[in-house]
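Written below as structure tokens is the structure these notes are about.
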Amino acid sequence: MNKESRTNKSLLNARVNLLFYFLALLVSFFSRKVFLDHLGADFIGLTGTLGNILGFLNLAELGVGASVSYALYQPIAKGNRDEICRIVSVFGSLYRYIGCFVQAAGIIVSAFFPLMFQHTIFELGIIYFAFFSLLTSSLIGYFINYRSILLYADQKNYVVTAYFQTAILIKTLVQMGLVCYTANLYLWVSIELVYSFIHASILNWKIRQTYPWLTASAAVGNRMRSQYPEIVQKTKQVFVHKMKDFLIQ
């Protein structure tokens, strides 16, 4: 991979990110008012709280993605496809363990919802439905979308951004239209969940199209993880730095 191609990719990433930043800003200006008017500030606050809980659980990921991206740079530059497949497989293996941890932690935390939300105006049914929908969306990233790490390491994250942000914009517009007519909380959450599966399907289709030779597997990664101790070491180093930044904020 030459310097010019990396520069071109960086510029393309910047342009795509800037474009979708302004599009998202424009849509959010209207969507927030629509959601507040039809769903209520309490429900928006509830989903924000559930999202923060999941964000805390997802701290388990800190360092893994950055470390694997670093490990992929050299084989990508050399065009070593076998090495790339092995490293992505190891990443899939690590992500599977993290996903299992997040899933178990989410279930344990949800057991305390009757205490945490005892004074809320919402029924526990919608709280659990919203939380497990958000949790499922998060787990999709660990169990299905882990191959997208190659797009980031190959400086093609504009592909992820384009598909991800386009799907978010469409999802938001659909939600805005439906809540104006129904204001149904379950329907709003369901769209969030369906969107996650649609995005995962499209993203993995694009990955197969871009890298038809990629044969990564978490099962293979389990057997090969011991061959890449530097990934674990780098993960620990990055984890410490990111955890420090998180605690300082």
Side-chain angles (χ1 to χ4, degrees), residues 1-31 51 55 58 61-81 83-92 94-95 98-99 137-175 191-192 194-216 218 231 234-235 238 242 245:
M1 184 179 297
N2 56 52
K3 182 178 180 181
E4 182 179 2
S5 65
R6 293 181 68 86
T7 301
N8 290 337
K9 288 178 180 178
S10 297
L11 291 174
L12 182 56
N13 286 329
R15 287 197 294 267
V16 172
N17 287 331
L18 189 63
L19 171 64
F20 280 100
Y21 170 79
F22 285 110
L23 286 176
L25 192 65
L26 178 64
V27 172
S28 65
F29 179 79
F30 297 100
S31 64
N58 285 323
E61 191 277 339
L62 285 181
V64 178
S67 301
V68 173
S69 295
Y70 178 81
L72 280 169
Y73 289 150
Q74 186 173 0
I76 288 175
K78 294 181 177 180
N80 190 337
R81 294 181 175 181
E83 183 75 359
I84 292 172
C85 290
R86 288 193 290 268
I87 293 176
V88 175
S89 294
V90 171
F91 179 64
L94 294 173
Y95 249 34
I98 295 174
S137 299
S138 179
L139 294 177
I140 288 174
Y142 292 115
F143 293 113
I144 300 178
N145 292 342
Y146 66 88
R147 295 177 184 86
S148 63
I149 189 69
L150 182 54
L151 291 170
Y152 287 103
D154 198 17
Q155 288 192 304
K156 293 182 179 179
N157 43 303
Y158 58 85
V159 175
V160 181
T161 301
Y163 282 92
F164 180 70
Q165 294 295 339
T166 299
I168 283 184
L169 291 174
I170 294 174
K171 176 207 69 174
T172 304
L173 292 174
V174 171
Q175 286 178 319
I191 295 173
E192 291 278 341
V194 171
Y195 147 78
S196 300
F197 284 102
I198 294 176
H199 170 253
S201 299
I202 296 175
L203 178 60
N204 281 278
W205 166 79
K206 185 61 179 179
I207 292 172
R208 289 192 297 270
Q209 186 183 57
T210 307
Y211 308 105
W213 45 266
L214 183 62
T215 56
I231 292 180
K234 191 70 176 178
T235 296
V238 177
K242 289 196 172 185
D245 294 338

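Note that these values count all heavy atoms, side chains included, but never hydrogens, waters or copies made by symmetry.
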Which value, rounded to the nearest 0.5 Å, describes the distance between [X] atom [atom1] and [Y] atom [atom2]?
X: I149; Y: R147; atom1: CD1; atom2: CZ; value: 13.0 Å
X: S201; Y: K206; atom1: OG; atom2: NZ; value: 15.5 Å
X: L203; Y: S148; atom1: CG; atom2: OG; value: 5.5 Å
X: N157; Y: Y152; atom1: CG; atom2: OH; value: 6.5 Å
X: I87; Y: I76; atom1: CD1; atom2: CD1; value: 8.5 Å
X: T161; Y: L19; atom1: OG1; atom2: CG; value: 10.5 Å

>> Tell me every residue that passes side-chain hydrogen bond (donor to acceptor under 3.5 Å, both in side chains) with Q165, counting only those two or more places apart in sequence or in another chain.
In response: none

>> I'd like to check the side-chain hydrogen bond (donor to acceptor under 3.5 Å, both in side chains) partners of Q74; sequence neighbours left out, ordered by chain and number.
In response: none

>> Can you classify the ring geometry of Y70 versus Y73 as parallel (below 30°), tilted (30 to 60°) or perpendicular (above 60°)?
In response: perpendicular

> Are K156 and T210 close enough, and set up right, to give a side chain to side chain contact (heavy atoms under 4.5 Å, CB included), and what steps lead you there?
Replying inline: CA-CA 10 Å; K156 293 182 179 179; T210 307; 3.8 Å; yes

Who passes side-chain contact (heavy atoms from CB on, under 4.5 Å) against [X], sequence neighbours left out?
X: A200; answer: I140, I144, N145, N204
X: T172; answer: V27, S31, F35, I168, M176
X: I170; answer: T166, V174

Please tell me if the side chains of [X] and [Y] come closer than 4.5 Å, counting only heavy atoms from C-beta onward.
X: L26; Y: F22; value: no
X: H199; Y: F197; value: no
X: I207; Y: L151; value: yes

>> I'd like to check the ring pair (Phe, Tyr, Trp, His ring centres under 6.0 Å) partners of Y211; sequence neighbours left out, ordered by chain and number.
In response: W213

> Any sub-3.5 Å donor-acceptor pair from N13's side-chain atoms to Q155's backbone N or O?
Replying inline: yes

> Is there a donor-acceptor pair under 3.5 Å between the side chain of D154 and the backbone N or O of L150?
Replying inline: no

> What is the minimum heavy-atom distance between I191 and Q175, and which atoms define it?
Replying inline: CG2-CG, 3.7 Å

> Of the non-hydrogen atoms in A216 and S89, which two are nearest, and what is the gap between them?
Replying inline: CA-OG, 3.3 Å

> Counting only heavy atoms not in F143, do more than 12 sit closer than 6.0 Å to its CZ atom?
Replying inline: yes

> Are Y146 and Y142 close enough that their ring centers fall under 6.0 Å?
Replying inline: no

